[in-house]
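All values reported here derive from a predicted model rather than from experimental measurement. We name chains A, B, ... by the order of the sequence lines, and we start the count at 1 in each one.
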Amino acid sequence: MTEEKSLNFIEEIVEDDLEAGKYKNIVTRFPPEPNGYLHMGHATAICLNFGLTKKYGGYTNLRFDDTNPTTEETEYVESIKDDVRWLGFEWKNELYASDYFDTLYGYAVKLISKGLAYVDDSSSDVMAKEKGTPTEPGVDNEFRKRTVEENLRLFEEMKAGKYKDGERVLRAKIDMTHVNMLMRDPIMYRIKHAHHHRTGDKWCIYPLYDFAHGQSDSIENITHSICTLEFIPHRELYNWYIEKLEIFPSKQYEFARRNLSFTVMSKRKLLQLVNEKFVSGWDDPRMPTISAYRRRGYTAEAIRDFCERVGIAKRENVADISLLEFCVREHLNKIAVRRMVVLNPLKIVITNYKDTNYTNKANYTNGENTNYTNKKNGEILEIEDNVENDTLQTTNNKIQTRGVPFSNELYIEREDFMENPPKKYFRLFPGGMVRLKGAYIIKCDEVIKDAAGNVTELHCTYIPESHSGHDSSGIKVKGTIHWVSVPHAETAELRLYDRLFKVEDPSSEEGDFKTYINPDSLQIITAYIEPSLKDALPNTSYQFIRKGYFYLDKDSKPGKLVFNRTVGLRDSWAASSK
RNA sequence: UGUCCCAUAGUAUAAGGGUAGUACAACAGAUUUUGAUUCUGUCUGUCGAGGUUCGAAUCCUCGUGGGACAACCA
């Protein structure tokens with residue numbers, strides 16, 4: 001049982017630190033900025049940060065990086081909390097960078113006092129010029145020479161609201177010629193007379209990311225501060241502040257952000273899709289956000305499994321969306337309730353089916369004894385549910401069944417009939433036989449067409465001895481198709497989703513990423529559902545047999561059911577016949 | 001013409017000087033009252049050139065390719 005699961009590079013760092021006795025327990029944090037909804041990229045970071053402390057002991061804080069009052073909103077805070085909880089993780093402390101504004105202010109005063117920070121009156125244009133470029137060094141300006149006393153007074157006045165937005169900033173005094181541009185006297189505080197979602201109007205100066213993030217990590221004794229690759233150049237500054245402030249030395253480690261094929265994964269771009277109405281909102285089921293996946297019927301297990309399987313590294317990447325789909329199918333196959341639904345109906349009449357009495361009085365709804373079907377023609381068939389799912393089986397270890405009404409008029413899937421079938425087609429065709437799932441074998445005798453030559457109806461005969469479960473007919477058929485009894489059918493709206501973009505990596509294509517949006521990413525149809533689905537439950541995954549996994553949408557109302565297709569089934573026939 | 005990061009099958013990720021492995025995808029077959037599931041098999045890979053070494057995906061050098069860095073964003 002010594003299954004050596006290989007570690008990712010961050011786990012290796014953690015194990016080394018633990019082994020060296022550097023820490024007793026590790027502390028991580030998940031630090032979203034509340035300016036958008038969480039997406040699959042965040043899910044990776046969440047699984048990493050929370051997964052690490054779960055595995056190695058310690059805890060993870062949820063910390064909102066709310067240092068920019070003009071873009072951040074409480075709505076986002078709530079959605080982020082929902083998403084993290086739904087993914088199955090618990091944070092130790094709910095914290096905000098804004099909780100530390102007083103401490104941060106004190107830190108700034110300390111740096112000023114040490115001669116390591118100064119107030120600069122330059123305009124942003126001038127500052128940008130003085131900063132140089134990646135290949136040319138920057139130059140000092142006159143304000144850099146200000147005395148500690150003057151800096152202290154000016155910074156105090158900035159805080160007191162004496163100056164307008166943009167009039168002055170506080171900068172660290174490091175080195176204007178440093179090769180790392182972030183070390184060329186980075187701005188620590190800017191003036192923004194803006195209302196903050198938590199501190200209200202208490203402050204008119206706000207720290208920037210670099211003068212908030214590392215310090216917040218340090219205040220919380222974060223041992224491993226994990227972020228994405230683009231923060232690599234920030235690490236030097238991160239360490240500089242910690243060193244000069246003489247505070248707890250949190251360490252920053254960087255991994256490559258997770259991208260997904262056929263979608264975009266930046267909050268800026270996702271916000272555009274929302275604002276410009278390409279989607280109905282952040283949780284439109286076509287979005288790669290966690291709330292969208294939840295609404296669509298993905299499970300937290302599947303998403304965690306996906307994050308686990310792709311792993312993490314420092315190489316830029318685009319993970320294959322089909323792996324995510326594999327993960328969700330794998331989970332749903334085990335838990336989803338099986339039902340029959342016809343998406344695109346073709347009516348068939350079973351000409352020799354005369355039974356007008358019930359041979360079986362079992363009810364077919366979810367436990368309620370209803371006489372709903374008793375007024376109609378047919379019989380009730382017991383059809384087994386999900387054979388994969390232990391919890392759906394009864395105590396006698398028998399597979400749970402449900403009653404499904406059968407009659408002489410049925411809907412089958414239009415694509416399950418072909419007048420001129422190709423070679424290995426084993427569904428219905430003129431003179432051909434097929435099994436109706438859980439019912440009888442039927443034979444197609446006659447094809448009825450309208451004036452235009454379209455097939456409108458099929459006349460079939462059934463084999464009475466072929467009753468599912470006790471078939472004595474001796475007939476073997478290759479195909480089994482699903483069906484719904486016409487007089488008993490109910491209807492529901494089905495929302496079928498396809499990938500949001502036509503290309504694998506929209507961000508790397510020429511021009512505006514929005515030109516690659518797939519115009520057919522949403523298809524809405526009305527389907528015929530077996531009657532038990534009238535009582536479909538929310539938060540429950542259904543497999544519409546042979547058609548895919550479906551999940552009740554939040555737009556669903558009693559009498560007006562709306563299902564999202566979570567993901568289709570693998571379809572090797574469709575794949576091979578193309 | 002700077003500094004930093006990265007480079008393993010189509011994709012993602014292992015192998016930490018000693019047989020290049022796993023998953024997804026693709027393909028082929030078996031089973032199947034879901035053309036699903038399950039099972040079996042096949043295919044494809046170390047960016048290049050040098051060097052160190054008995055031995056290099058791994059260490060070194062130089063290339064090549066990709067990415068990051070000049071927001072009072074995070």
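Between the side chain of A:Arg546 and the base of B:U34, no donor-acceptor pair of N or O atoms lies under 3.5 Å. Interface remark: the A:His234 side chain does form a donor-acceptor pair with the B:A74 base, using a distance-only criterion of under 3.5 Å. No donor-acceptor contact under 3.5 Å links the side chain of A:Thr135 to the base of B:U1. On a pure distance criterion of 3.5 Å, a polar donor-acceptor pair joins the side chain of A:Arg427 and the base of B:G35.
Put simply, NZ on A:Lys192 is 10 Å from P on B:C72, counting in whole angstrom units. Between A:Asn8 atom CG and B:U22 atom P there is a gap of 20 Å when expressed in whole angstrom units. Across the protein-nucleic acid pair, A:Phe262 atom CZ and B:U11 atom C1' stand 11 Å apart, rounded to whole Å. Between A:Lys478 atom NZ and B:U32 atom P there is a gap of 10 Å when expressed in whole angstrom units. At whole-Å resolution of the value, OH in A:Tyr163 and C1' in B:C72 are 17 Å apart. The separation between A:His197 atom NE2 and B:A74 atom P is 12 Å, rounded to whole Å.
For A:Lys334, no side-chain nitrogen or oxygen approaches OP1 or OP2 of B:A36 to under 4.0 Å. When the side-chain nitrogen and oxygen atoms of A:Ser572 are compared with OP1 and OP2 of B:A36, one or more of them lie within a distance under 4.0 Å. Phosphate proximity of B:A74 to A:Arg268: absent, as no side-chain N or O sits under 4.0 Å from OP1 or OP2. Regarding contacts with the backbone of B:A74, a side-chain N or O of A:Arg190 is found under 4.0 angstrom from either OP1 or OP2. At the phosphate of B:U11, neither OP1 nor OP2 sits under 4.0 Å from any side-chain N or O atom of A:Ser261.
Comparing atom distances between the A:Ser322 side chain and each of B:C24, B:U34, B:A23 picks out B:C24 as nearest. Of the candidates B:U13, B:G66, B:U3, the closest approach to any side-chain atom of A:Val179 belongs to B:U3. Nearest nucleotide to the A:Val169 side chain, out of B:C72, B:C6, B:U34: B:C72. For A:Val318, taking side-chain heavy atoms from C-beta onward, the closest of the listed nucleotides B:G35, B:A70, B:A12 is B:A12. Among the nucleotides B:G35, B:A12, B:A74, the one closest to any side-chain atom of A:Leu208 is B:A74. Residue A:Asn317 places its side chain closer to B:A12 than to any other of B:G35, B:C72, B:A12.
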Check the interface with nucleotides 38-44 of chain B: list each N/O to N/O pair with the protein under 3.5 Å, or write none.
none

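Where stacking is scored as ring centres under 5.5 Å apart with planes under 30°, A:Trp573 registers as stacked on the base of B:G35.
A side chain to side chain contact (heavy atoms under 4.5 Å, CB included) with A:Asp66 holds for exactly one of A:His196, A:Glu73, A:Glu33; it is A:His196.
Atom P of B:G65 sits at a distance of 15 Å from the matching atom of B:G48, rounded to the whole Å. Here, B:A28 and B:C69 have their P atoms 45 Å apart, quoted to the whole Å. Using atom P as the reference point in both B:C47 and B:G10, the two lie 12 Å apart (nearest Å). With both ends at atom C1', the span from B:U53 to B:U58 equals 13 Å, rounded to whole Å. As rounded to the nearest Å, B:U42 and B:A9 have C1' atoms that lie 14 Å from one another.
A donor-acceptor contact closer than 3.5 angstrom links the side chains of A:Glu413 and A:His482. A:Asp320 and A:Ser322 form a side-chain donor-acceptor contact under 3.5 Å, judged by distance and modelled atom types alone. Side-chain contact of A:Glu75 with A:Tyr37: a donor-acceptor pair under 3.5 Å is present, judged by distance alone. A donor-acceptor contact closer than 3.5 angstrom links the side chains of A:Arg29 and A:His213.
Scanning for ring-ring contact (aromatic ring centres under 6.0 Å, His included) contacts around A:Phe255 gives an empty result, with sequence neighbours left out. For A:His467, the ring-ring contact (aromatic ring centres under 6.0 Å, His included) test picks out A:Tyr440, A:His470, with sequence neighbours left out. For the side chain to side chain contact (heavy atoms under 4.5 Å, CB included) test, residues two or more places apart in sequence or in another chain that qualify with A:Pro233 are A:Asn180, A:Leu182. Checked against ring-ring contact (aromatic ring centres under 6.0 Å, His included), A:Tyr551 has no partners two or more places apart in sequence or in another chain.
Where A:Arg235 and A:Met181 meet RNA chain B, the nucleotide closest to each residue was compared, and A:Arg235 sits on the side nearer the 5' end.
In RNA chain B, runs of at least 3 consecutive Watson-Crick or G-U pairs, each pair with both distances below 3.5 Å, span B:2-7 with B:64-69, B:10-13 with B:21-24, B:26-30 with B:38-42, B:47-51 with B:59-63.
For the pair A:Arg339 and A:Tyr542, the cation-pi criterion (under 6.0 Å, within 45° of the ring axis) is not fulfilled.
A:Phe231 and A:Tyr209 have their aromatic ring centers within a separation under 6.0 angstrom.
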